[in-house]
Protein chains: 4
Amino acid sequence: MPIVVDKERKRAEILEAAMLVFASKGFHRAKMEEVAAAARIGKGTIYEYFTSKPQLLQALHGHMLGKLKDYYSEKLKGIEEPPEILGHFLAAALASFREWEPFFYVFCDVWAEAGRAEQQNLLRMQLREAYQSSIDDLTRVVEAGVAGGFFRCEQPRLAAEHILACVDGLALHWLYDPDAFDLEEMTGSLTRTVLRSLS
Amino acid sequence: MPIVVDKERKRAEILEAAMLVFASKGFHRAKMEEVAAAARIGKGTIYEYFTSKPQLLQALHGHMLGKLKDYYSEKLKGIEEPPEILGHFLAAALASFREWEPFFYVFCDVWAEAGRAEQQNLLRMQLREAYQSSIDDLTRVVEAGVAGGFFRCEQPRLAAEHILACVDGLALHWLYDPDAFDLEEMTGSLTRTVLRSLS
Amino acid sequence: MPIVVDKERKRAEILEAAMLVFASKGFHRAKMEEVAAAARIGKGTIYEYFTSKPQLLQALHGHMLGKLKDYYSEKLKGIEEPPEILGHFLAAALASFREWEPFFYVFCDVWAEAGRAEQQNLLRMQLREAYQSSIDDLTRVVEAGVAGGFFRCEQPRLAAEHILACVDGLALHWLYDPDAFDLEEMTGSLTRTVLRSLS
Amino acid sequence: MPIVVDKERKRAEILEAAMLVFASKGFHRAKMEEVAAAARIGKGTIYEYFTSKPQLLQALHGHMLGKLKDYYSEKLKGIEEPPEILGHFLAAALASFREWEPFFYVFCDVWAEAGRAEQQNLLRMQLREAYQSSIDDLTRVVEAGVAGGFFRCEQPRLAAEHILACVDGLALHWLYDPDAFDLEEMTGSLTRTVLRSLS
DNA sequence: GATGAATGAGAATTCATTCAT
DNA sequence: CATGAATGAATTCTCATTCAT
C-alpha cells in the first residue's frame, strides 16, 4: 500500500516541520503558513492532515512523546540491572536536553496550552497519560531494584515522582539558562544522589 | 487641580486582575479588554500603566516573583536550623501549589513566552535571575547546614539545583494532574528524601 | 491546482477603488474596509497586494502618475510644433482639473503625507521624481521651441518651472473654489500669457 | 483688562505650538498631547481655547493667514509703484518659502482636510476667502498699474490668478525638493517674466 | 489530492475628548 | 481655570481556515 505509506510519511514531515517552527517562534507566534513552507507544501495541504492548529500541536505532542519513547528504548536497550537502568536513564534524560532541545520548547507551549480545561482538552489528557506512563515505568524499575536487593524504598511511586520531577525541573532551568549548571557534572551528581537516596 | 490617584495601587490592581484572567484563559487567549474588565477599568487605562500585552506579562511575572518571595519569607521567618529551614521550605513550596495555583498557570505562559529570544527578552532575563536567586538562597542554606554539622554535601549548589528542580517538576505534574499524588504525603516523602540525601 | 488570478488586474482594481474612496473621504478618514468594499473584495485581500495603508497611497500615487502620463501622451500625440505642444499641454492640463478631479484630491493627501520625512519616505521621492520628469519634458519643449526659432528664452528650465507651477497652483485654487475662474477662459488666457512670455 | 489679554496670549501660544507640531509631524500624526506639551500646558487646557482638533487646525489656519498678511504688509509698506509692488511681493513670497517653511507644511494639511465638503467645512470657506482676498489685492495692483500706464493687461483678474498660482505652485515644488531651483535666481526670473507679460 | 487566493472574525492599540478634583 | 487620569470608539492589520480550481 504505497499510497498509505506516502500519506504517513508526509504527515510525519509536516510534524517535523511544525516542531522546528513552533520551537523557534513559539506556538502562537508561528503561522500555519510557515509550517507549510518548512514542510515544503502548500498552506492548505496541512488541513488535509490536521484539522486545526491546536490539533496540530496535539498531534505533534503525541509524535514527540513517541520519539522520546523510542529514544529511551534505544538508550536503555539490553540494560538489566535496575541501578544501571536508572543511571542510563538519567544520563539519557540530561543528554536529551541538548539533543532534543526543540522538544522542550514545544513542551513549554504544550504546558501553556494544556493548562486551561476546555472542550475535553485532549492535550491535557495526553500529557497526563504520558506522565502516568513514565511514572509507571520508573516505578517498575524502582520496584525491581527493591525486589532484586539493590534498593531500599518504601514508596517506590513517590520515589519515581521525585526522579521524574527532578529531570523535568532541570530541563526547564537548563532551557532558560544553559549556563546554570554543567550538564555532565549534573548527570553525575544527580545519579549519585538518586542512587544514594534509594540505598 | 489634577485628579490624585494612587498609581502604585492601581497598577497592582491591574496586575492582580491580569493574573486571574491570564491564569484562567491563558495569556494568548486572554484579551486586554477582559483584563480591564476584571480590574474594573476601561480598556485604554491599562496602557497608562503598561506599554503592551507582553510587557504586562513581564510586569506580572515580576509581581508574582515578589509575592512568592514574601510568601517564603513569611513561612520561614524565625526558623534557624538548616534542616528545619529545608523542611519548612518544602512544605511551603508544595502548599503553594494549591494556594497559588493561578501563579503556576501563569508561569507556564511565561515559560512559553520567554523561550524565544526577542527584543532583549526581559522575561527570559527576569526568569533567569529569579532562578539564580532561588538557587543562591538554597545553596546558602545547604552550606550553613554543612557548616553547622547538620549536612554532608560536597557540591551544595548542585544539591540546591536538585531540590529546586524537584519542586518545579512536581508543581508542573501536579498542575496537570492533581490526582497524580497526594500533596501532604509527597511533602513528607520529599522532605525525608532530601534530608537523607544530605546526611 | 491553485486558483489562477490576474494579480495585475486585481491590483489595478484595488487602486481604482482606493482612488475613489480616498478622493471622496480623504486618506485619513477613509477606512481600509471601505476601500475593500469599493473594490468588492474582503478587507484582508488588500493586504495581499499592498503591505499597509501608507503603502497603498504610495502605490496609488504611482498609478496616478502613470495614468496622467498616458493622458498627456494621448493628448499630445502627433503634435510637433513647440508652441502647439505648449498650447495643447495647457489645454489638457486645465481640462484634467475636471476630468481627473479625484486625482487632485488624492494629490493633496499625498502632499500632506509626503511632507514629513520618515522611513525613506518613498512618497516624497516619488513626488520629486515625477516633478523632475515633468520639468524635464517641458524644458525640452521650450528648448526645441528656441532651437526652432519659435521662442526666445534664456533659462528654459526656469520657464518650465513657471509653467508647471502655474498649472499646479491653478489646480489647487480651482479645486477649492471651482467658481474662482472659468476653466475655458483661463485656458485661453494662460496660453496667451505663456506664449507671449516666450516670444 | 489684563485677564483678557492673558487669554489671548495663551491662545496664540497654543497656536504657535500647534503650528510647529503640525508642521513637523503632520496634522493627523500629531497628538493633542504633543501640542499641549509644546505649549507647556496641560492636555485638557487646549479644550478651554478650542473645541476640537479640526477646529484647532482651522483656527491655526486663520492665525497663519493673519501672520502672512502682516508679513506682506510689512514687506510692501511704503511702496507705491505697481511694478515695484509686484517685484517686492514676489520677492517676499519666495523668501517666505524659507522663512515660513512650517506654514507651508501646515497648508498642505489644510488642503488635504479642506478637500472634502462636510458640515459647512469652515476650513474650505476660510481657504476660499483667503484666496479671493489675495486675488483681489493682486488684481487691484495690476489694475493700478494699468491705470498708471505701467502695465498693459486686458484681464487683470486672470493675470492675478496666474501670478498667485505660480507662487503657490513654486512653493509646493520647493517644499518637496528644495534643490529643484535656486530661490534667488527664481525670484529674478519670475519677476522678469511677470513684468514682461504685463508690458 | 494539492494549492494558495480570498476571507473576515478578532485583538491590540491609539488618541481625541471628558470631567472630577 | 487648569489639569491629566480615564475612557472607549475606532481602525489597522493578522492569520487560521475555506474552497474554487
Side-chain angles (χ1 to χ4, degrees), chain A residues 3 6-7 10 27-37 39-56, chain B residues 1-7 10 14 28-37 39-56, chain C residues 1-7 10 14 28-37 39-56, chain D residues 3 6-7 10 27-37 39-56:
Chain A
I3 293 165
D6 219 41
K7 264 244 162 192
K10 200 158 202 170
F27 175 67
H28 281 284
R29 284 173 169 54
K31 302 180 210 166
M32 289 300 262
E33 194 163 9
E34 292 172 320
V35 173
R40 299 163 167 281
I41 57 171
K43 202 180 352 162
T45 309
I46 295 182
Y47 291 87
E48 300 284 331
Y49 296 84
F50 305 95
T51 60
S52 70
K53 200 184 180 194
Q55 199 263 312
L56 173 59
Chain B
M1 234 121 297
I3 302 163
V4 177
V5 174
D6 188 338
K7 282 231 160 198
K10 198 152 203 171
I14 296 173
H28 281 284
R29 284 174 169 56
K31 298 183 235 171
M32 288 302 260
E33 198 161 7
E34 293 171 323
V35 174
R40 298 163 166 281
I41 57 173
K43 183 163 33 107
T45 308
I46 297 182
Y47 291 89
E48 299 283 329
Y49 295 83
F50 306 95
T51 59
S52 69
K53 201 184 178 193
Q55 199 262 314
L56 174 59
Chain C
M1 233 122 298
I3 302 162
V4 177
V5 174
D6 188 340
K7 282 233 159 196
K10 197 151 204 172
I14 295 173
H28 280 285
R29 282 174 170 55
K31 297 183 237 172
M32 290 301 262
E33 197 161 9
E34 292 172 322
V35 174
R40 296 162 167 283
I41 57 173
K43 180 165 34 110
T45 308
I46 296 182
Y47 292 89
E48 298 284 328
Y49 294 84
F50 305 95
T51 58
S52 69
K53 201 185 178 192
Q55 200 263 315
L56 173 59
Chain D
I3 292 164
D6 219 41
K7 264 244 162 193
K10 199 156 202 172
F27 175 65
H28 280 285
R29 283 173 170 55
K31 302 179 210 166
M32 290 300 263
E33 193 163 9
E34 293 171 320
V35 174
R40 298 161 168 282
I41 57 171
K43 202 181 348 165
T45 309
I46 296 182
Y47 291 87
E48 300 284 332
Y49 296 83
F50 306 95
T51 60
S52 70
K53 200 186 180 192
Q55 198 263 313
L56 173 59

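With F:dA16, F:dA5, E:dT3 as the candidates, the nucleotide lying closest to the side chain of A:Lys53 is F:dA16.
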Counting Watson-Crick and G-U wobble pairs with both distances under 3.5 Å, what is the dot-bracket string for DNA chain E, 5' to 3', using [ ] for crossing pairs and | for pairs to another strand? .||||||||||||||||||||
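Residue B:Arg29 holds its CZ atom at 5.0 Å from NE2 of A:His28, rounded to the nearest 0.5 Å. Rounded to the nearest 0.5 angstrom, C:Lys31 NZ and C:Lys53 NZ are separated by 10.0 Å. D:Leu56 contributes atom CG, which lies 6.5 Å from atom CD1 of D:Ile46 (distance to the nearest 0.5 angstrom).
In the displayed structure, D:Glu33 atom CD is contacted under 6.0 Å by at most 12 heavy atoms of other residues, nucleotides or ligands.
When the P atom of E:dA5 is taken as reference, atom CG of C:Asp6 falls 13 Å away, rounded to whole Å. Protein atom CG of D:Leu56 is 10 Å distant from nucleotide atom P of E:dT17, rounded to whole Å. In this entry the distance linking NZ of D:Lys31 with P of F:dG4 reads 16 Å, nearest Å. Going from atom CD of C:Gln55 over to atom P of F:dT12 covers 15 Å, rounded to whole Å. Protein atom CZ of B:Arg29 is 15 Å distant from nucleotide atom C1' of E:dA9, rounded to whole Å. Between B:Met32 atom CE and E:dA11 atom P there is a gap of 13 Å when expressed in whole angstrom units. In this structure, C:Glu33 places its CD atom 9 Å from P of E:dA9, rounding to the nearest Å. Going from atom CZ of A:Arg40 over to atom P of E:dT3 covers 13 Å, rounded to whole Å.
A donor-acceptor pair under 3.5 Å is formed between the side chain of A:Gln55 and the backbone N or O of A:Thr51.
Heavy atoms of C:Ala30 sit under 4.0 angstrom from primed sugar atoms or phosphate atoms, though from no base atom.
DNA chain E lies under 4.0 Å from at least one heavy atom of each of the following residues of residues 42-51 of chain A: A:Gly42, A:Lys43, A:Gly44, A:Thr45, A:Glu48, A:Tyr49.
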